[in-house]
Amino acid sequence: MCMVAATTFAIRVLTRTQKAPNPEIQVRVRQLHSAVIYSDDVVDAHHLFDDTYERDSHGFNSLLFQYTRENQRWEALNLYTHIHRSGLPINGSTLSCVLKTCGALSHRSMGKQVHSVCVKSGFQGDVSVGTSLVDMYMKIENVVDGMRVFELMGDKNVVSWTSLLCGYTKNGMNDRAVALFRRMLGMGVEPNAFTFATILGALRADGAFIVERGTQVHGLVIKNGLNSNTTVGNSLINMYFKVGKSGSARAIFDSMDEKNSVTWNGMVSGYISSGCDSEALEIFSQMRAEGVSLTQGTFASTIKLCGNIRNLSFVRQLHGRLLKCGFEFGDGIKTALLVSYCKCNDMDSAVTGFFMMHGDRDVISWTALITGYLQNGRGDRAVDLFRQMYTEGVSPNSFTYSVILTAHPFVSPSVVHAQVIKTSHDRLSTVGTALLDTYFKQGNPDAATKVFDSILEKDIVSWSAVLAGYAQIGDSGRAIKVFIKLGREGSTRPNEYTFSSIINACARPASGAEQGKQLHGCSIKAGFSYALVVSSALVTMYAKRGNIENANKVFQRQRERDSISWNSMISGYAQHGDGKKALEIFEEMRSQNVPMDAVTFIGVITACTHAGLVVEGEMYFNMMVEDHNIKPMDEHYSCMVDLYSRAGMLKKAMEVIRGMPFPAGVTSWLSILAGCRAHRNLELGKVAAERLTSLQPDNSAAYVLLSNIYAALGNWNERRRVRRMMDERNVKKEAGLSWIEVKHKIHIFLAGDVSHPLTDQIYMKLDQLQSRLRDIGYRPDTNHVLHDVEEEHKEAILSQHSERLALAFGLISTTPEVPLHIMKNLRVCGDCHNVFKIVSEIEGRDIVVRDSNRFHHFKGGFCSCGDYW
DNA sequence: ATAGGGTTAG
């Protein structure tokens, strides 16, 4: 400290602490202060001073008070040691000051020592000393002693209560804080502004009652007449943002008479963290208009804001203003700028800024730049930088590892795994979550599960990630188990992402419909059913489970919608072959100016395909390219190929394939081949089959479809040749598998299956159906039999198809009003399709069949697909 | 000042 500053300081000491400065003391304090500053040994300086002058505790204690105020902690501690050792008189203020310092420095041994001095000197009973002790213990994370001192205090005032309260929140004990607050109110202690600020901060968004509690506390604030207090108002704003009620935060803000920079910053950053970028921008402009001076904090949040809204010119403007204002350009601001440039996809500026940081480049700015490259789709550059950072001697931290693990396919999870084990980051929930997600994406669910189990404190993100992983691989069984375990452990509550993942896992074909409904119920109870990610997942789940009515109900009840909600509903109707409804939803989406993306058009064109709306399909494809500037992807072209193929317009379909900017993939050729099968086009069928077998030699579909064409044309020799080819190349036809859920249990059937306990009854029912069908003139379409056998045998084969066994079982094990839901892993057989139509009429049953391709709703002798499939 | 999980498709 320079001379000028030292003098200023001494003068401040005297003018603040003494009403009528004693000139003698004035001199002493000044000399003492100089001695403290210029001597290497502070204690010696005090002694020197002590020997020369008469002892005067007032001077010392004033100085201690000042040191404490100015956060000169070590000076304060040394001075106290001196006062104590030299036996100078000590008062309550002395003790409070030194206790505060012990807390701030987390000096445990000194804190204990001062506590015993408090007891010996009898000052423990003093309210302010007692309160300081509580505060000190809570700050050194010794909660037990803090509570003990508090309970032993005879006199307590609002500050004592608030100190303990504050201590609880600092130690993460929010439930205790809430309980203490209640107890305090029960004792009739009137909270002050600081109490309210503390309790409002304790209400973290981790419980279901958070909103209620927050609102109750708000009521008390009003009752206590503190609603116009700026500090309390600021806390209320933060609390409301935290619980997701930005409207209430805004109301508080509007009602505040006196706003300070904390208020404004709270609004800007609150809106930003709630994703309300335009509102944040509005507050920012209002702030500028009212001439509120910008603080460093404002700059930090505003820079973040303009990154979030991807407004590059705004970033540049702020950058320029910062340079002009001559603000202290701290690392924080520099990194914030770097992040914003990355978000605006201006990697050149980001890199320039980064390299201008020279010596200031730390792990944070490195990580920010790596993240930037990943966001810009340059995983390769990100990995290069990660290595470079290493060679420059900067060690990655947990953030860096979390980020770099998302750089698939450029990182190998096992390599990074070894590294994080070495650096002891592996059991952190953040790193562990990124790691397990990478293992899942790499197709290694067992490694992912192991990582999940090894995470020490699993937070809700880890739980949701593992559920999402099981959903990706379609393992609804493990997903449900984990979800139940999460509920039992009770340490973290599921959030909207958790529900979206588990619902998604149960949208898979292999899971029961009941589970989906139960999860819907759970999400309502937990209060998340209206969250966008949850309701969209529900729409998809119901649609995939065959319940398109419920899907639509959820969709209609959505409080807010984004492109994904609309896309989900359109795709749902498309899968069910309800082209009309799908197009209605699409037109409604268009009239509401909801932005459309590539997936929207996949849904719409698929809907046209399933409904045979060729002209409409063409129109939407053109609309996508011309009106929405969406570049068609492989998926769009294969949708068009499918549209034409199903309609028998194979020439047109081939034109699409030829016109595609890239070679057609498996999906397109499969559509062609299926079209050739339906429309008996052998020549093109051969070409398609050849392409398919060269693209995917072990895909059985190509062989099966080709042999079907030969079978349909009665060319049994060629058909046998194809079968032999399959055997030679060791290609196995996927076994047909159907299943049905009855009373929460799933029953699975193979063709000709005799393993079910009710086999006898099932086959009896089948025989009975068969004769009734024959009576009304049904003749089996033996074209669908792939084997070269006698006609009679063919009929037998048809009547034992897996979907028919499932149907018979469904009919005998449920009452007539129950609609049957049957699933099949392959496409439903054409003859079975006819049978299902008739059965729906003669048995008076609604039957829904989901095959590998779409849904069929059988009712009163007709199918929703109109036999177009 | 930097981080991890989620919803739509055939």
Side-chain angles (χ1 to χ4, degrees), chain A residues 296 299-301 303-304 307 330-340 342 360 362-372 374 396-406 425 428-438 440 452 455 458-469 471-472 495-505 507 531-541 543-544 562-572 574-575 596-606 609-610 633-636 638-639 641-642 665-668 670-671 852-854:
Chain A
Q296 184 118 1
F299 268 115
S301 28
I303 290 168
K304 199 173 168 185
D331 286 358
I333 295 281
K334 283 182 199 164
T335 313
L337 268 170
L338 188 149
V339 169
S340 287
C342 288
D360 299 335
D362 58 5
V363 61
I364 298 177
S365 41
W366 275 102
T367 308
L369 191 65
I370 291 171
T371 309
L374 278 165
N397 63 14
S398 65
F399 285 65
T400 326
Y401 283 121
S402 306
V403 165
I404 203 65
L405 277 163
T406 67
H425 286 106
L428 283 176
S429 69
T430 49
V431 179
T433 304
L435 193 54
L436 74 88
D437 188 52
T438 313
F440 269 122
F452 176 72
I455 297 174
K458 302 175 183 68
D459 62 11
I460 196 57
V461 181
S462 332
W463 286 94
S464 306
V466 80
L467 288 173
Q472 275 165 37
N495 63 18
E496 61 269 43
Y497 297 128
T498 324
F499 276 105
S500 117
S501 297
I502 186 70
I503 291 168
N504 184 29
L532 202 50
V533 289
V534 177
S535 52
S536 293
L538 283 169
V539 170
T540 307
M541 185 273 291
K544 286 198 172 156
D562 62 1
S563 307
I564 292 175
S565 325
W566 290 91
N567 291 354
S568 307
M569 198 62 240
I570 293 171
S571 303
Q575 281 163 12
M596 294 173 173
D597 59 20
V599 180
T600 316
F601 286 94
I602 293 175
V604 172
I605 300 170
T606 312
T609 303
H610 286 308
M633 304 186 301
D634 185 23
E635 285 89 338
H636 297 103
S638 42
C639 279
V641 172
D642 202 29
V666 173
T667 323
S668 297
L670 265 177
S671 297
S852 59
N853 193 34
R854 58 170 293 162

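Below, chains carry the letters A, B, ... as their sequence lines are ordered, and counting in each starts from 1.
- For A/Ser365 and B/dT2, the shortest distance from a side-chain N or O to OP1 or OP2 is not below 4.0 Å.
- The base of B/dG5 lies close enough to the side chain of A/Ser464 for a donor and an acceptor atom to sit less than 3.5 Å apart.
- No donor-acceptor distance shorter than 3.5 angstrom exists from the side chain of A/Thr406 to the backbone of A/Ser402, with no hydrogens or angles considered.
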Practice prompt. Please assess A/Ser429 against A/Asp459 for the test side-chain hydrogen bond (donor to acceptor under 3.5 Å, both in side chains), listing each intermediate value before the final yes or no.
Written response: CA-CA 7 Å; A/Ser429 69; A/Asp459 62 11; 3.2 Å; yes
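- Backbone-only engagement by A/Ser571 is indicated by non-hydrogen atom pairs under 4.0 Å involving sugar-phosphate atoms exclusively.
- At the heavy-atom level, A/Val403 lies under 4.0 Å from the strands shown only through sugar-phosphate atoms.
- Closest to the side chain of A/Glu635, from the set B/dG5, B/dT8, B/dA9, is B/dA9.
- Within a 6.0 Å sphere centred on NZ of A/Lys458, heavy atoms belonging to other residues, nucleotides or ligands number more than 12.
- Spacing between atom CZ of A/Phe452 and atom P of B/dG4 amounts to 18 Å, rounded to whole angstrom units.
- The distance from atom CD1 of A/Ile333 to atom P of B/dT2 is 11 Å, rounded to the nearest whole Å.
- No N or O donor and acceptor, one from the side chain of A/Ser398 and one from the base of B/dG4, sit under 3.5 Å apart.
- The distance between atom CG of A/Asp634 and atom P of B/dA9, rounded to the nearest whole Å, is 17 Å.
- Separating the CG atom of A/Asp437 from the P atom of B/dA3 is a distance of 16 Å, rounded to the nearest angstrom.
- Rounded to whole angstrom, the span from the CG atom of A/Leu405 across to the P atom of B/dG4 amounts to 11 Å.
- Of the candidates B/dA9, B/dT8, B/dT2, the closest approach to any side-chain atom of A/Ile602 belongs to B/dA9.
- Between the base of B/dG4 and the side chain of A/Thr430 there is no donor-acceptor pair shorter than 3.5 Å.
- Rounded to whole angstrom, the span from the CZ atom of A/Phe399 across to the P atom of B/dA3 amounts to 7 Å.
- Of the listed nucleotides (B/dA1, B/dT7, B/dG4), B/dG4 has the atom at the smallest distance from the side chain of A/Asp459.
- A/Ser462 comes within 4.0 angstrom of a nucleotide base, judged by non-hydrogen atoms across all strands.
- Relative to the side chain of A/Val461, the nucleotides B/dG4, B/dT7, B/dT2 differ in distance, and B/dG4 lies closest.
- Residue A/Gln575 is classed as a sugar-phosphate contact, given heavy-atom separations below 4.0 Å to backbone atoms only.
- Taking the six-membered ring for Trp and thresholds of 30 and 60 degrees, A/His425 and A/Tyr401 have ring planes inclined between 30 and 60 degrees apart.
- When distances are taken from the side chain of A/Lys304 to each of B/dT8, B/dG4, B/dT2, the shortest belongs to B/dT2.
- Between the side chain of A/Asn495 and the base of B/dG5, at least one donor-acceptor pair of N or O atoms lies under 3.5 Å.
- If you take CG of A/Leu374 and P of B/dT2, they are 16 Å apart, rounded to a whole angstrom.
- For A/Ala368, the listed nucleotide lying nearest its side chain is B/dT2; candidates were B/dT2, B/dT8, B/dG5.
- The NZ atom of A/Lys544 sits 10 Å away from the C1' atom of B/dG10 (whole-angstrom rounding).
- A/Thr600 comes within 4.0 angstrom of no nucleic acid atom, judged by non-hydrogen atoms across all strands.
- With rounding to the nearest 0.5 Å, the separation of CG in A/Leu538 from CZ in A/Phe499 is 10.0 Å.
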Worksheet entry | Verdict with reasoning, A/Thr335 to A/Ser365, per side-chain hydrogen bond (donor to acceptor under 3.5 Å, both in side chains) | CA-CA 6 Å; A/Thr335 313; A/Ser365 41; 5.0 Å; no
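- A donor N or O paired with an acceptor N or O is not found under 3.5 Å between the base of B/dG10 and the side-chain atoms of A/Asp642.
- As judged by a 4.0 angstrom heavy-atom cut-off over every strand, A/Ser568 is placed among residues touching the sugar-phosphate backbone only.
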